[in-house]
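Following: one structure in structure tokens, then a few remarks.
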Protein chains: 2
Amino acid sequence: MPRTKPAKSVKSAPKWRRRPEHRPQQIIEAALEVFGECGLANARLQDIAERAGVSKGTIYLYFPNKEELFREMVRQTAVAAIEYAERTVGSGTPTEQLYVAMRGYWNFVRSPVFSTIYRLVLGELHQFPDLAKFYADEVVSRGLKLLSGIIRKGVDAGEFREIDPMIAARMLVALTVMNGIWRDEYTGVPLLCDKKDEQVFQEVAQFYLHSITPFAGCSAQADGAPSDTTLFIPSNND
Amino acid sequence: MPRTKPAKSVKSAPKWRRRPEHRPQQIIEAALEVFGECGLANARLQDIAERAGVSKGTIYLYFPNKEELFREMVRQTAVAAIEYAERTVGSGTPTEQLYVAMRGYWNFVRSPVFSTIYRLVLGELHQFPDLAKFYADEVVSRGLKLLSGIIRKGVDAGEFREIDPMIAARMLVALTVMNGIWRDEYTGVPLLCDKKDEQVFQEVAQFYLHSITPFAGCSAQADGAPSDTTLFIPSNND
DNA sequence: AAATAGTTACTGACCAGTCAGTAATATACT
DNA sequence: AGTATATTACTGACTGGTCAGTAACTATTT
């Protein structure tokens, strides 16, 4: 039975707008927040919907289910970041390239996006094998390949010591990821809370470079060459 | 209304035994498995009960709720491991002590207990602030204190380069934890699956020691002194 | 018999996913 | 221009199932 039209609709105050173009992005952003706060398994679609400013049903117009929503979220963040990195670390000496990569990686790790994703990956992804496979292939493998390629060039050029590039890449990822996560102190771990982002990055960078440079901390200091790893750390020290 | 006593019980075949001494441990062990498989939020008390060979209600005789059960689990594993480490790294040069600590830490990280705990800590603990606080104080802080103390002695003795011991300890934890988790490949991350535990440990140890020794990879090699970090890696290479 | 250890059935809250209905926009017709 | 009609985007109450925690009862031990 048809509605009794109450009055002419007031053009200026619709309860909601149709915005089919924007919905998926809105929902993914909300999902990122909520997944990050509650975990993958624990996040409620209702909350995601509210934060996106839509109703729960709307989510199902754009995503078949929760898992696919998560997958799409990863695609738009982690995979996009990797692709960006692959495009942008191209030029310069291996040392310069590595620095660019480290800096970019750190920035990514420090973004709210990453800490969320990595917590989910580490904490819950083993419950979703196909999601885990997806992440391993699209993010982990590609990231290690990118980094180890740079390191290999550095080793060949004599800028880094003889070290298996894949191992070195893995160590870099380990240092960056863990420090990034700790820095993030999702709770109150009194670990790095009082340090600035930039400082933690420098600590990681110096430690790492010390381990892969051929003559770190040694005679190079004596013969006047700029030996310290601080050499290629820019001076945005505030 | 009072029960009608059916008959005398047959003494020789009790359906179950009272074992109040064993229950808590049984339950914790089962919880460790189930939490590890399902995550903290997703684990079902019913499953834990079944795996422990008791009924769900029994759990509530010994633990007030799920969270406290988890807390007790952490107490009995991580805290116990730290305490053990605090007791056992006492003697020898700082380098030797550090090696013992690294080895012990690696063994712990590689135990099934740890990967479970760390996944939970990283993935879900921020949802439980008081648990997070507990973990930060009882495990993280104590662990870092132990490691940084050893490193400080090494720096003072000139065995390690000048480095903030707290930073160095953090980096060691980062390397150990991440490699331990990856090695564990809870899913199918094609990262370290084909390597042996011992090999991964050596990779981590060599990389780390290279970064904290004063003259790593440098002239020390030339003057006949045993310079390489493999020096203090025992030969249980199988 | 009393005390203690354990079980089972139940409750109330919670949530992913669905679907009948409604509001906003587009189009066709005056 | 306005008005009727069709189409699409979106809503939110509902369903079916799950599970933590509880209460009422039963078995074992002393």
Nucleic acid footprint by protein, nucleotides 3-18 of chain C - heavy-atom cut-off 4.0 Å, B for base, S for sugar-phosphate alone: -BBBBB------SBBB

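A search for side chain to side chain donor-acceptor pair (under 3.5 Å) contacts involving A:Thr58 returns A:Ser55, not counting sequence neighbours. Residues that satisfy the side chain to side chain contact (heavy atoms under 4.5 Å, CB included) test with B:Val109, not counting sequence neighbours, are B:Tyr105, B:Phe114, B:Thr176. In this structure, the side chain to side chain contact (heavy atoms under 4.5 Å, CB included) partners of A:Glu29, at least two apart in sequence or on a different chain, are A:Gln25. In this structure, the salt bridge (charged side-chain N to carboxylate O under 4.0 Å, His left out) partners of A:Asp197, at least two apart in sequence or on a different chain, are A:Arg110, A:Arg183.
Here the C1' atom of nucleotide D:dC19 and the CD1 atom of B:Ile48 are 12 Å apart, to the nearest Å.
Pairs of residues two or more places apart, or lying in two chains, that qualify as ring-ring contact (aromatic ring centres under 6.0 Å, His included) and include a residue from residues 30-52 of chain B are B:Phe35-B:Phe70.
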